Amino acid sequence: MTGDDEPAPAGEVSAATLLAYATAAVLLVGWFLYGWLVQRQGFVASVGESAGAGFALLLAVSVVGTVRRSRR
């Protein structure tokens, strides 16, 4: 195999991106705890709600990344 067939290495993840991921994780855990302990909606319901919010966030990040990549 030649070097031309290999994909380009991905760049390093910026500090702002890591901070955004950490903030999102803390907010999702907080959302879970709020639903479970404050609203008393049950453990499984709180897990499902926070997981749904996490998947929606991942979908939004994916769409934004696709749009940004298509503009290059």
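If you're wondering where the values come from, they're calculated on a predicted model, not measured in any experiment.
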- Item | Contacts of V29 that satisfy side-chain contact (heavy atoms from CB on, under 4.5 Å) - sequence neighbours left out | L33
- Item | Interatomic spacing from CG in L37 to CZ in F43 - rounded to 0.5 Å | 10.5 Å
- Query: When Y21 is tested against each of L19, T17, T23 for side-chain contact (heavy atoms from CB on, under 4.5 Å), which residue passes?
  - Reply: T17
Enumerate, atom names and distances included, each donor-acceptor pair closer than 3.5 Å involving a side-chain atom of residues 48-64, sequence neighbours excluded.
| from | atom 1 | to | atom 2 | distance (Å) |
| --- | --- | --- | --- | --- |
| E49 | OE1 | Q41 | NE2 | 2.9 |
| E49 | OE2 | W31 | NE1 | 3.0 |
| S50 | OG | S46 | O | 3.0 |
| S50 | OG | V47 | O | 3.1 |

